[in-house]
Amino acid sequence: MVHPSSDGGDNVTNSSGSPQLTDGVPLAATNEGADNAAAAAADVDVPPADEIRPYDHLINEEADTDLFNKTFPGDAAIDDDDDADIKATAAAADTTGKHAADKRTGFVHFDSNVDHFCLWDEKYEETPRRYSRTLERMKELELIDRCQLIEPRRATEAEVLLVHTPEYLAKVASITSLIDPARLEEESSKFDAVYFNPNTLEAAFTAAGSAIELAEAVYTGQVRNGFALVRPPGHHAMAAEACGYCVFNNVAIAAKALLQKFEASGLQRILIVDWDVHHGQATQQAFYNDPRVLYASIHRYELGAFWPELIESNYNFTGEGAGRRYNVNVPLNDTGLCDSDYLAIWHNLLLPIFYEYNPQLVLVSAGYDAGDPLGEYCLSPNAYGQMTHMLGALANGRMILTLEGGYSLKAIADSALECIKVLLGEPPGALSLFNDSEEKKCDGPASPASSTDSGGNENIRSNSSSSIQLNECAIETLRNVIGYHSSHWPSLALNVDIPETKL
Ligand code: Q9C
Ligand code: ZN
């Protein structure tokens, strides 16, 4: 496993095998080597059966919807009115036949992913219903008819080996050939947050192959953009190790496969944007010294306390060798971040870098867990649509979104549908950045909305009817990331000091 070295952050040391922040907060083992793997396996905390887990609402769709509506009290949800709107727009775009005017957006999916599920925990949050519920909504709202279906396929072994080691591939094959659930569970527990069942290998091969097919269809102009509704997810799957519900790194494999095929004819710059709430450490590793791929991730970090608990997720990891500057981490050190925080980060940091990089293709690791109780952020479906919209100005609109995480069924479906709507060329839905209500929007101690009366956070303003609330940790991260990257991205050097108390 590649452990990129720190390039000089002062809050991080990496001198021993056990990474630690200098203030003494220990970070979790990284699963390196057999001993560490065993230690990490022992560390995985399995909650007692009676403990309420943040994703228990998944089992009860009514509870899931209630929670969603509580998190997004405004118009965030796609409701019955919106259903009619979306269908009406579809009809208006329909000139020569049913939805014939669209068909610019590729969509790839395969039903056999539902055979990959956890045999010993029916409440496991990475569930097939994430797929089936989203697909069902796409059908209901006739979005699927407006997309060009791309044929899914299995990745070849050679393609998987562009990212993973032959030993790892053999290991996954041997684990998934087990039949006894107890043995499967035992082997799975040697990894950090992974399950294998006998159908996992096939689903993982097809998820990766489908991402490649879609990326190629977009790059070659068969469709303008696309969405891959695939499982298992990929961005935590490292060269020799499954991790975080991920088996093969779909997006990294697609990027490497396209580079292999098209570099000679001029493909030189791929942007990977990772908006899953977790850091895609495996994608970072895959391209850490590769200038042909800019990896940018915005993720919850909490000074290393949020999973995957790695120092390499911090902003001072900027790439090395020829890949220096082509790794952009935006680590956020609080819970409760909202649309306005992400928008500020996109406008002031990410978009300037992306424009300057000028990618020829954009691949999004599209997790929707910054809008669910597991991520403890409150990104609305429209914010995901807005991020999609902003990326549309790059690479002539050549982009694909590939599903990563996201564990509220309603949040995934609504957010993915909003993104697909935008990919189809419709304007993104409005954001509610001006939150004047006393209503608490996000749960969690550090919620911007809830700190109105705490008096402690000077940067969080909600006392004026026209102020946009920003979490102070978003501002701090903006400063830190810009500090690390402004020397290599001149467009960032245009930033002036952000006033301390007024925005
Ligand atoms: N105590 C994706 O969103 N959490 N993966 C483990 C262990 C694992 C997330 C907590 C979260 C994995 C694709
Ligand atoms: Zn995630």
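Counting convention: from 1, in listed order, for ligands and their atoms alike.
Within the structure, side chain to side chain donor-acceptor pair (under 3.5 Å) pairs that include any residue of residues 398-409 comprise Asp64-Ser408, Ser365-Glu404 (at least two apart or interchain).
Near the Zn ion (ligand 2), less than 2.8 Å away, sit the protein N, O or S atoms Asp276 OD1, Asp276 OD2, His278 ND1, Asp369 OD2.
At least one donor-acceptor pair closer than 3.5 Å links the side chain of Asp341 to the backbone N or O of Cys338. A donor-acceptor pair under 3.5 Å links the side-chain atoms of Gln284 to the main chain of Glu312, judged by distance alone. When atom types are taken as modelled, the side chain of Thr200 and the backbone of Asn197 share a donor-acceptor pair closer than 3.5 angstrom.
For the salt bridge (Lys or Arg N to Asp or Glu O under 4.0 Å) test, no residue two or more places apart in sequence or in another chain qualifies with Glu136. For Asp414, the salt bridge (Lys or Arg N to Asp or Glu O under 4.0 Å) test picks out Lys410, with sequence neighbours left out.
Under a 4.0 Å criterion applied to the non-hydrogen atoms of Asp369, ligand 1 contributes the atoms 3 (O). When each atom of ligand 1 is checked for a heavy atom of Asp276 under 4.0 Å away, the hits are 3 (O). Near Gly405, meaning under 4.0 Å from any of its heavy atoms, are these atoms of ligand 1: 3 (O), 13 (C).
Considering only non-hydrogen atoms, atom 4 (N) of ligand 1 lies nearest to Trp307 out of Tyr368, Tyr407, Phe306, Trp307.
Judged by distance alone, the side chains of Asp369 and His278 do bring a donor and an acceptor atom under 3.5 Å apart.
For the pairing with Glu202, the salt bridge (Lys or Arg N to Asp or Glu O under 4.0 Å) check across Arg231, Arg154, Arg153 returns one residue only, Arg154.
Taking the centre of each ring, His279 and Tyr301 stay at or above the 6.0 Å mark.
Contacts of Glu126 with ligand 1, taken as heavy-atom pairs under 4.0 Å, are absent altogether.
Taking only nitrogen or oxygen atoms, main chain and side chain alike, Gly406 does not reach within less than 3.5 Å of ligand 1.
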